[in-house]
Amino acid sequence: MMDKLIITAAICGAEVTKEHNPAVPYTIEEIGREAASAYNAGASIIHLHVREDNGAPTQCARRYALAFAEIKRLCPDVIIQPSTGGAVGMSNEERMQPLSLRPEMATLSFGTVNFGGDDIFVNTENTIKEFAARMAEMGVKPEAEIFDKGMIDMAIRQAARGVVAPPLHFNLVMGVNGGIAASVRDFAYLVDSLPAGSTFTATGIGRAAFPMATLAIIAGGHVRVGLEDNIYLSRGILAASNGELVEKVVRLAAEFGREIATPGEARRILGLM
Ligand code: KMH
Ligand code: ZN
């Protein structure tokens, strides 16, 4: 019997803008609105980046604290998972700022990846160790973010050295321009490569969002969608909200008989309580 489906909504990101989709939230009020739309549709985790009111990405802890308060007001029991990736080019200290708020979870990327053009998302081995140590100190469960198969191997090595504590929860990000493709073969390869006892979420970028969501639903994994990863509800149709993207996952899950996890159930599945 499969666990219930945990849906993560990546509502904002650091790179996508209102020019791409006007629903992308910048202000605290907009972040609250988009988190609530996802939560009310069935998301139990909000993967969070924050912006200045003009849309500039920031990792400022004070800004995150405002966003946390607004999200908790509207979605009292949702799991808030801030990014430690931030935006391309930020320093490690800048990226780690939201950990000072002691969130239940945060992302921890297990390797460096090209993001297209000249953009490189840098995560050296020392960065991984530094972020993991800060998370352990703050009592934050890492979501092991994987853009390629070798990053799973890196996570396994770091777990063997005691840098991170198993069982790990992975986010298999597929279809980034520079990372592993979003194909059925590569999905099976990644899932097959996970250490025993792991849980995983799949994130398909762009047009891969719902195909990868469907594979994860069938395979007993969990799903991430949101405007950070994909701005379209279907071909050529912009999503009006993050909630619309979550609703589509809920419909797909229903077709395959997969029930949706509440935030409390997600905490049990992920060992957060
Ligand atoms: N915006 C990227 C540089 C994460 O949130 O952990 C990093 C990112 C990954 O989005
Ligand atoms: Zn992110």
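Computed over heavy atoms, backbone and side chain alike; hydrogens, waters and symmetry mates excluded. In listed order, ligands and their atoms are each counted from 1.
Within the structure, ligand 1 has Gly86 among the residues with a heavy atom less than 4.0 angstrom away.
When only non-hydrogen protein atoms are considered, atom 7 (C) of ligand 1 lies nearest to Phe121 CZ, 3.5 Å. Among all non-hydrogen protein atoms, the one lying nearest atom 9 (C) of ligand 1 is Glu145 OE1, 3.3 Å. In terms of protein heavy atoms, atom 5 (O) of ligand 1 is closest to Ser83 OG, 2.6 Å. For atom 10 (O) of ligand 1, the closest heavy atom belonging to the protein is Glu228 OE2, 3.0 Å.
For ligand 1, the atoms sitting less than 4.0 Å from at least one non-hydrogen atom of Phe115 are 2 (C), 3 (C), numbered in the order shown with element in parentheses. Under a 4.0 Å criterion applied to the non-hydrogen atoms of Glu15, ligand 1 contributes the atoms 1 (N), 2 (C), 3 (C). Near Thr107, meaning under 4.0 Å from one of its heavy atoms, ligand 1 places the atoms 4 (C), 5 (O), 6 (O). Counting the atoms of ligand 1 from 1 in the order shown, those under 4.0 Å from a heavy atom of His47 are 5 (O). Set against the non-hydrogen atoms of Val88, the atoms of ligand 1 under 4.0 Å away are 3 (C).
Taking 4.5 Å as the limit, every side-chain heavy atom of Ile45 sits out of range of all side-chain heavy atoms of His222. Between Ile80 and Glu104 the shortest side-chain heavy-atom distance does not fall below 4.5 Å.
For the pair Thr84 and ligand 1, the shortest N or O to N or O distance does not fall below 3.5 Å.
Each of Ile269, Thr199, Ile6 was scored for a side chain to side chain contact (heavy atoms under 4.5 Å, CB included) with His169, with one residue passing: Thr199.
Centred on the Zn ion (ligand 2), the NE2 atom of His49 and the OE2 atom of Glu228 lie at an angle of 100°, reported to 10°.
Within 6.0 Å of CD on Glu94 lie more than 12 heavy atoms contributed by other residues, nucleotides or ligands.
Taking OG1 of Thr112 as the reference point, atom CD1 of Ile120 lies at 8.0 Å (rounded to 0.5 Å).
Counting Ile, Leu, Val, Met, Phe, Trp and Tyr side chains that sit under 4.5 Å apart, directly or through other members, Ile28 shares a hydrophobic cluster with Leu66.
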